[in-house]
Each structure stands twice: as C-alpha cells, then as structure tokens.
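Reading through the structure tokens given below for one structure.
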Amino acid sequence: MQPQHLTFKKYGATQFLSGLGILGLVGFWLFGLSMIKFMGLTGVIVLLGLPFAVALLAYLWSRPKATVWMSLIMGFLISGVGRYVNAPWGLSIDILLFFGLLVISINKAIKINWKLAKTDLVIFSLVWMAYLFLELFNPAGNGPEAWFYAMRGIGFYQAMAVPLVYLMFREEKDFHTFLNILIILSLAGTVWGFKQQIIGVDAAEYRWLWDENHQDEHILHGVLRVFSFYSDAGQFGASQAMMAMLMGILAMGPFSIGKRIWYAVLAIVFFLGFAISGTRGALAVPLFGGLAYLITTRNFKVLIGGVSAMLLVFFILKYTFMFQGVEQVRRMRTALDPENPSLQVRLENQRTFGRYLADKPFGGGVGTAGFWGARFNPNSLMANTATDSWYVKIWAETGIVGLAIHLSFLGYVLGKGGHICMSLRDKKQKTYAMATYACIVGVVFSSYGNQVFGQMPTGMIMNLAIPFLFLIPNWTKKQ
C-alpha cells in the first residue's frame with residue numbers, strides 16, 4: 001500500500017495535467033472561433049488543414065528527401081491550382097526547401113556529411129545568391145518586398161535545392177525517382193492540355209483568359225494555344241518539348257525492348273503536347289538540345305545524320321509551305337521570319353532597356369521588371385517594357401555584372417556537363433547523362449526567346465537536373 005502523501009501527489013499531478021488539457025482545448029476553440037470570425041471560409045480551411053499540416057511536418061521531419069520531391073511537384077501545380085484557389089502557393093516551395101535544410105541541420109537522427117556540399121555548383125549558386133542579396137540595396141529597385149518575391153525564382157530556389165541534391169540524392173535510384181516524377185506530372189499536363197483542346201477550358205481557366213487579360217497571347221485567330229495547368233502556353237510547350245526529347249533519347253538507349261517502346265510512346269505523346277501549345281520559342285529545345293546530344297555521342301555518322309535531319313526540318317519550315325494547313329506549323333514557321341512583327345517588338349524593347357541601363361551596371365533592381373515590376377511600380381519604364389527573354393530579364397534587373405555572373409554559371413554547366421557525357425563509359429549512365437544534358441542545353445537556349453529557365457516547373461526541374469547530371473559519374477557501376 002502506497003503512503004498517503006505519494007497518492008496525493010500523484011492525484012494532484014493528474015488533476016493538473018487534466019486542467020492543462022481542458023485549457024488547451026478551450027484555447028484551441030477560442031482560436032478557431034477567432035479565425036472563422038476574422039477570416040471566414042479561409043479560417044475554416046486553415047483549421048481543417050492544421051491536423052494535416054502537423055502530420056505532414058512529422059513525416060518530413062524523418063524523411064527530408066520528401067521536401068525536395070514535394071517542391072518539384074508544387075512547381076508543376078502552383079500555376080494551375082492558383083486559378084481555382086487564390087493563395088500564395090509559390091511560397092510552399094520556399095517553405096519546403098527551407099524545412100528540408102532545417103531538418104538535416106538539427107535532426108540528429110539523420111546523418112549528413114556536410115563536406116559533400118563543398119562543390120563547384122554549390123559555390124556558384126551561393127555566389128549568385130550573394131549577388132542577388134546585394135541587389136536588395138540597389139537604389140533603383142522597388143524595395144525589399146518586391147525584391148523578396150522576385151529573387152526566389154532567380155536564385156533562392158537554386159541556392160537551396162543544389163546543396164540538398166548533393167547532400168541527399170547521390171544514388172542512381174534518386175535519379176530514377178526524379179525521372180518518374182517528371183514523367184507522371186508531365187503526362188498529367190499533356191492529358192489536361194488535350195482536355196482543353198478537345199472539350200475546352202473550364203470556368204476558372206476562362207476567367208484567367210478573359211478577366212485577367214491572357215487572351216491576346218493564348219487565342220490567336222480563334223485558335224487556343226493550350227496552356228494546360230502550367231503558367232502559360234510558352235512554358236507548357238517548352239516543358240513538353242523537353243520531355244519529348246528526353247524520352248526520345250532514352251528510347252534509343254541500352255534498355256529492354258519494353259522500356260524502349262514505353263519511352264518512344266511517351267516521346268510521341270509529349271511531342272503532341274508541344275504541338276498543341278503553338279509555342280514558337282520551344283523549337284529551340286529540340287534543336288539545340290538535339291544538337292548537344294549528337295555531339296556528345298561522339299559518333300560521326302550519327303552526328304551527320306542528325307544534323308541532316310535538322311537541316312531538312314529547317315528547310316521545310318523556312319523555304320516551303322508544306323503542312324501550312326496545320327495551325328501549329330504555321331505558327332512555328334513564323335519563328336524563322338526575321339521580319340516577324342513580334343521579333344521586331346522584342347528587339348525594340350531590348351534597345352529601350354539598353355538606353356535605360358547605360359549608366360546602371362547593376363541593373364534596375366530585382367523585382368522591377370515583368371510581373372513583380374507591374375505589381376509594385378506599374379508606371380515605371382521597367383514594368384512597362386516587356387523583357388520576353390530570360391536573359392533580358394536578368395540583364396534588366398541585375399545589370400551587365402549580374403548577367404555576366406549568370407552566363408558564367410550556365411557556361412560552366414554546359415562545358416562541364418558535356419565533358420561528363422563524353423567521359424562516361426557505362427552505356428546506361430552515358431544515356432541518362434546525355435538525355436539530361438540535352439534537356440539542360442535546350443532550356444538554356446530556348447530561354448533567349450522566352451523566360452523558360454526561371455519559370456515553374458522548368459526552373460525547379462533545372463535546379464535539380466543540373467546537380468543530378470554532375471552526380472552521375474559518382475553512381476556505382478552496378479546497374
């Protein structure tokens with residue numbers, strides 16, 4: 001029999017804990033009522049989502065790799081979801097990547113060798129991010145809020161994603177997970193695109209087209225340029241062209257017949273997705289990416305045959321009227337016309353930027369051009385002059401100094417990436433490397449015509465694909 005004073009203490013502790021529980025429950029209900037009163041339906045959604053958020057954080061705490069995969073998935077979905085539910089979905093990528101770094105930093109149960117992050121790509125990414133941080137103090141900028149929103153896609157995601165890949169995704173199975181996620185989400189994008197093409201857009205997409213003034217660039221001569229759940233038709237077309245090329249190269253690799261047929265079917269499906277987007281600038285993806293693949297094969301016969309095929313396609317588009325009855329072909333053909341009005345407007349915009357930036361070697365400030373410029377300073381020259389090209393955007397916002405740093409990084413990636421492809425001896429590894437490298441090259445060159453490199457999902461894909469390419473030589477030889 002326990003002494004009476006011990007029984008009393010135990011009873012008192014139990015009562016105390018029960019009281020805390022009741023107070024916590026009452027506090028939660030008061031918090032919930034306040035959320036509903038001041039935020040309405042949004043407050044209800046937040047309350048319902050709290051248990052899910054807690055469970056998700058618990059899951060990610062023990063599996064930080066999932067933060068990167070989820071950021072890639074959100075890169076695909078944020079534009080489409082934003083048409084149905086207006087919320088800052090883009091911040092989910094920031095939160096996921098930051099939480100991934102936080103977990104591997106403080107969770108002692110996860111063993112991380114931080115020396116693995118001492119690499120050339122990580123250094124380049126951090127230097128670029130440091131320069132973007134200094135842009136916060138650019139006197140020509142629109143202030144810290146505009147800078148915060150704009151710098152994320154330009155360099156912040158890269159500065160977080162690249163180290164995470166080097167620290168946690170060093171095995172071949174990680175690359176295959178990356179590849180499978182790309183295939184599944186891109187295929188979903190193709191299916192949704194054909195839904196728009198055959199059935200039509202839904203109410204939310206219709207509102208996005210007409211109420212938010214996107215109809216001019218997406219409805220040409222009464223024909224819809226399909227955009228699927230991507231940010232626009234240009235991003236959809238470039239992404240689908242990249243996936244078509246990726247699958248086409250893998251279809252020629254040293255794999256089983258069944259896998260090669262699967263890749264070939266996917267290549268055709270993604271090519272059709274590219275076609276219905278009506279995107280001219282995306283032609284650069286298979287053109288330059290395919291050329292990069294042919295060069296890295298180091299096979300003279302294959303190179304001659306591939307270049308000949310490219311020249312044939314160029315000749316048909318440039319000097320004939322074959323397939324002129326197909327709307328998508330007609331639009332692609334205009335990309336080869338030097339007198340095209342759209343091209344002339346872009347060149348004039350570049351001359352405008354040139355005059356404005358003549359005395360600004362550090363640019364007009366991050367967040368002063370494009371969407372964020374229009375939001376935070378709509379009457380400025382920077383906001384009212386279309387950048388179109390990714391490189392024009394970098395030049396306009398970060399100046400000739402920033403453009404030089406960015407191009408140095410991309411040049412290094414293309415140079416070392418090509419060397420990796422040509423130095424590999426294992427046939428499967430070489431095929432994966434060449435396919436990935438071709439996609440990177442295609443996106444880099446297509447970004448001259450459109451802002452492909454920094455938009456989602458391509459921006460997030462590149463942030464992962466580049467370090468994945470550099471890690472392929474570290475895979476074990478066992479397949």
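In the model, Q196 has no side-chain atom that pairs as donor or acceptor with a side-chain atom of S228 under 3.5 Å. Counted by atom type alone, E135 and N138 present one or more donor-acceptor pairs between their side chains at under 3.5 Å. Under 3.5 Å, the side chains of S186 and Q240 contain no donor-acceptor pair of N or O atoms.
The ring pair (Phe, Tyr, Trp, His ring centres under 6.0 Å) pairs that include a residue from residues 150-174 are W69-F169, where partners are two or more places apart or lie in different chains.
Using a 4.5 Å heavy-atom cutoff, the side chains of L136 and P144 are in contact. You'll find the side chain of F175 stays beyond 4.5 Å of the side chain of L469, heavy atoms only. No side-chain heavy atom of F453 sits under 4.5 Å from any side-chain heavy atom of T458. A 4.5 Å side-chain heavy-atom check between W114 and I112 finds at least one atom pair inside the cut-off. Looking at heavy atoms from C-beta onward, I110 lies in side-chain contact with V103 at the 4.5 angstrom threshold. No side-chain heavy atom of I268 sits under 4.5 Å from any side-chain heavy atom of V265. Inter-residue side-chain proximity for I461 and F76 is flagged as met; some heavy-atom pair is nearer than 4.5 Å.
Between W208 and H218, the ring planes are perpendicular. Angles over 60° get that label, and only those under 30° would be called parallel. Using cut-offs of 30° and 60° on the angle between ring planes, the pair W192 and F229 is tilted. Aromatic ring orientation, F362 versus Y131: tilted (interplanar angle from 30° to 60°).
A donor-acceptor contact shorter than 3.5 Å links the side chain of N384 to the backbone of P378. Between the side chain of E397 and the main chain of A369, a donor-acceptor pair closer than 3.5 Å is present. Between the side chain of T385 and the backbone N or O of M382 there is no donor-acceptor pair closer than 3.5 Å. With hydrogens and angles disregarded, no donor-acceptor distance shorter than 3.5 Å links the side chain of R170 to the backbone of I472. In this structure, the side chain of S239 does not engage the main chain of Q235 through any donor-acceptor pair within 3.5 Å. A donor-acceptor pair under 3.5 Å links the side-chain atoms of R152 to the main chain of Y149, judged by distance alone. W147 places a side-chain N or O within 3.5 Å of a backbone atom of L132 that can act as its donor or acceptor partner. Although no hydrogens or angles enter the test, the distance criterion places a donor-acceptor pair under 3.5 Å between the side chain of T177 and the main chain of K173. Side-chain atoms of R225 come within 3.5 Å of backbone N or O of S277 as a donor-acceptor pair. Between the S62 side chain and the Y59 main chain, a donor and an acceptor come within less than 3.5 Å of each other.
Rounding to the nearest 0.5 Å places CD of Q429 at 11.5 Å from CD1 of I420. Summarising the geometry, atom CE belonging to M245 is positioned 10.0 Å from atom CG belonging to L287; distances are rounded to the nearest 0.5 Å. Remark: F274 CZ to F236 CZ distance equals 11.0 Å, nearest 0.5 Å. From D94, atom CG reaches atom CZ of F99 across 15.0 Å, with rounding to the nearest 0.5 Å. One distance of note links CG of L164 with CG of L97; it measures 6.5 Å at 0.5 Å rounding. Distance check, rounded to the nearest 0.5 Å: CZ of F178 to OG1 of T436 gives 7.0 Å.
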Going through the distances and angles, do L357 and I400 end up as a side chain to side chain contact (heavy atoms under 4.5 Å, CB included)? CA-CA 9 Å; L357 298 171; I400 192 66; over 6 Å; no
Side chain to side chain contact (heavy atoms under 4.5 Å, CB included) between L246 and L179, worked out: CA-CA 10 Å; L246 177 64; L179 185 63; 3.7 Å; yes
Evaluate the salt bridge (charged side-chain N to carboxylate O under 4.0 Å, His left out) criterion for residues D174 and K65: first the C-alpha distance (whole Å), next the side-chain angles of each, then the deciding distance (0.1 Å), finally the verdict. CA-CA 10 Å; D174 297 319; K65 278 188 176 183; 2.9 Å; yes
Between D202 and R83, is a salt bridge (charged side-chain N to carboxylate O under 4.0 Å, His left out) present by the stated rule, with each step listed? CA-CA 10 Å; D202 59 29; R83 296 187 181 111; over 6 Å; no
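A cation-pi geometry, defined here as NZ or CZ lying under 6.0 Å from the six-membered ring centre and within 45° of its normal, does not hold between R207 and Y84. With a 6.0 Å cutoff to the six-membered ring centre and a 45° limit on the axis angle, K360 counts as a cation-pi contact of Y356.
Applying the 6.0 Å contact sphere to CG of N86 captures no more than 12 heavy atoms from other residues, nucleotides or ligands.
Residues A386 and F353 come closest through the heavy atom pair O-CE1, 3.7 Å. Contact record, V452 with V443: CG1-CG1, 4.0 Å, taken as the closest heavy-atom pair. A241 and P286 get closest at one heavy-atom pair: CB-CD, 4.2 Å.
Residues meeting the ring-ring contact (aromatic ring centres under 6.0 Å, His included) test with F133, sequence neighbours left out: F137.
Between K416 and D120, at least one side-chain nitrogen of the basic residue sits less than 4.0 Å from a carboxylate oxygen of the acidic one, meeting the salt-bridge criterion.
Y437 and Y293 have their aromatic ring centers separated by at least 6.0 angstrom. Ring centers of Y412 and F124: under 6.0 Å apart, within the cut-off. Aromatic rings of H176 and Y432 (six-membered ring for Trp) have centroids within the 6.0 Å cut-off, being under it.
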